[in-house]
Amino acid sequence: MWQGRPLWAEIDLDAIAHNIRELKRHIGERPELLAVVKANSYGLGAVAVSPVAVEAGATRLGVACVDEGIQLRQAGIQTPILILGYTPAWEADAIVAHGLTPTVTTLDLARALARFSEARGVVTPVHVKVDTGMGRFGLLPADVAPFAESVRAMQSLRLEGIYTHFASADEADKAFTMRQANLFLATAEALPDVRLRHMANSATVLDLPDLALDMARPGVSLYGCYPSRHVTRKVSLRPALSLKSRVARLTRLAPGDTVSYGRTWSAGRESIIALVSCGYADGLPRLLSNRGHVLIGGHRVPIVGRICMDLLMADVTDMSGVQLDQEVVIIGRQGDAEIPVEEVAEQADTVSYEIICRISARVPRVYVRDGRVVRVSTLNGQWEPALE
Ligand SMILES: *Cc1c(COP(=O)(O)O)cnc(C)c1O
């Protein structure tokens, strides 16, 4: 049992390994799988998740920025790491020094990378991103061939990959996705010697596995979330994250008494209110005030009053025998009851991605494998319990 702060994210590493194996089975033998571990593995913890992803069959890792890549290198992870975001030229030396693989879309960055690679006597692999309709990041298709030509002229760079990203692969209508895919394939055709063509995020892997090409790039599905409710459930994903807390106080309120800031909830009857150590500074959206639920004793109970920075309150009047320190599930399963991430996302008017990746740094991450805690990461450090 976890005996630190009475609020923790429990990460099921077996679920992540299971999800990767299932996704790999779905796309078949040929494509590589790059595990997207940006944003600290969507909040689950990239240092702990990455080795598990690699062990389960991921051959590469994807991050958003240079610092995220360096963090993994400093943790001793040697797997190729692709930086998916924009990198300014002044970070070129850090990229080369840590053996990261950047996405290159400017000659400035390409030249700086070439210079530092030459100085260190290495060849740096780079990927080129094509904007085929996301309207966000990447070269326009017409600019790809001349850009690739310039990169090829730089001896210390190797154009290893070309990729694009879909704007609406998680929608039921795949017409725009197919248009983007075709534009990408036509663009990549001009660069037949580039080894890795890739474009498939989770929704594409799940719904259009044939588009995995040379490499798939799933993120949210590794963690057991379906990208949207329109995406097929044929691949069975296991949720990898639960958010748990404990009852910190039980209060008896008289009819008319009110709860929390702004007094937005008042007791209509004699009520018992459970105080729970979890607030919006932990990442729980304040929009769940007077709207969301938590699980106690295997039952759903409503969150009442405004969620505070560090605390929330739940109405447990209809339950008997609730105890101080009893487990509270905010996201996840308890007995037969479940609050999926998707439910929290819907109530907060957002996507599951945002709910999990904003669980804040002060929430301890407790990693479980084979039913045992194998690693804990808190604000004050990380440790691996001795395995008997
Ligand atoms: C975040 C990201 C992904 C992963 O997307 P999911 O929907 O989480 O699978 C893939 N490719 C790129 C370029 C990304 O930025």
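Order of listing sets the numbers, starting from 1, for every ligand and every atom in it.
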Which ligand 1 atoms are under 4.0 Å away from a heavy-atom of [X]?
{"X": "K38", "value": "1 (C), 2 (C), 3 (C), 14 (C), 15 (O)"}
{"X": "Y42", "value": "1 (C), 4 (C), 5 (O), 6 (P), 8 (O)"}
{"X": "P218", "value": "9 (O)"}
{"X": "V220", "value": "6 (P), 8 (O), 9 (O)"}

Review point. Can you tell me how far the CD1 atom of I95 sits from the OG1 atom of T87, to the nearest 0.5 Å?
Key: 4.5 Å
Point to revise | Value rounded to 0.5 Å, distance of CH2 in W2 from CZ in R246 | key: 11.0 Å
Check your understanding: Is any side-chain N of the basic residue among R136 and D131 closer than 4.0 Å to the acidic one's carboxylate O?
Key -> no
Review point. When you measure from the centre of the six-membered ring of Y226, is the NZ or CZ of R233 under 6.0 Å away and within 45° of the axis?
Key: yes
Practice item. Tell me which protein heavy atom sits closest to atom 7 (O) of ligand 1, plus the residue, atom name and distance to 0.1 Å. Key: Y353 OH, 2.6 Å
Practice item. Mind checking whether R217 contacts ligand 1 via backbone (N, CA, C, O), side chain (CB onward), both or neither, at a 4.0 Å heavy-atom cut-off? Key: both
Exercise for review: Have a look at H165, H198, R136, M134 and point out the one with the heavy atom closest to atom 12 (C) of ligand 1.
Suggested key: H165
Study note, to complete from the structure: Min over A203, S221, S202 of heavy-atom distance to atom 6 (P) of ligand 1 lands on S202
Review point. Does M154 reach the side chain of L107, with side-chain heavy atoms less than 4.5 Å apart?
Key: yes
**Study point:** Close side-chain approach of Y353 to V341, heavy-atom, < 4.5 Å
**Key:** no
Check your understanding: Would one find more than 12 heavy atoms of other residues, nucleotides or ligands at under 6.0 Å from atom CZ of R238?
Key -> yes
Review point. Is the shortest N/O to N/O distance between K129 and ligand 1 below 3.5 Å?
Key: no
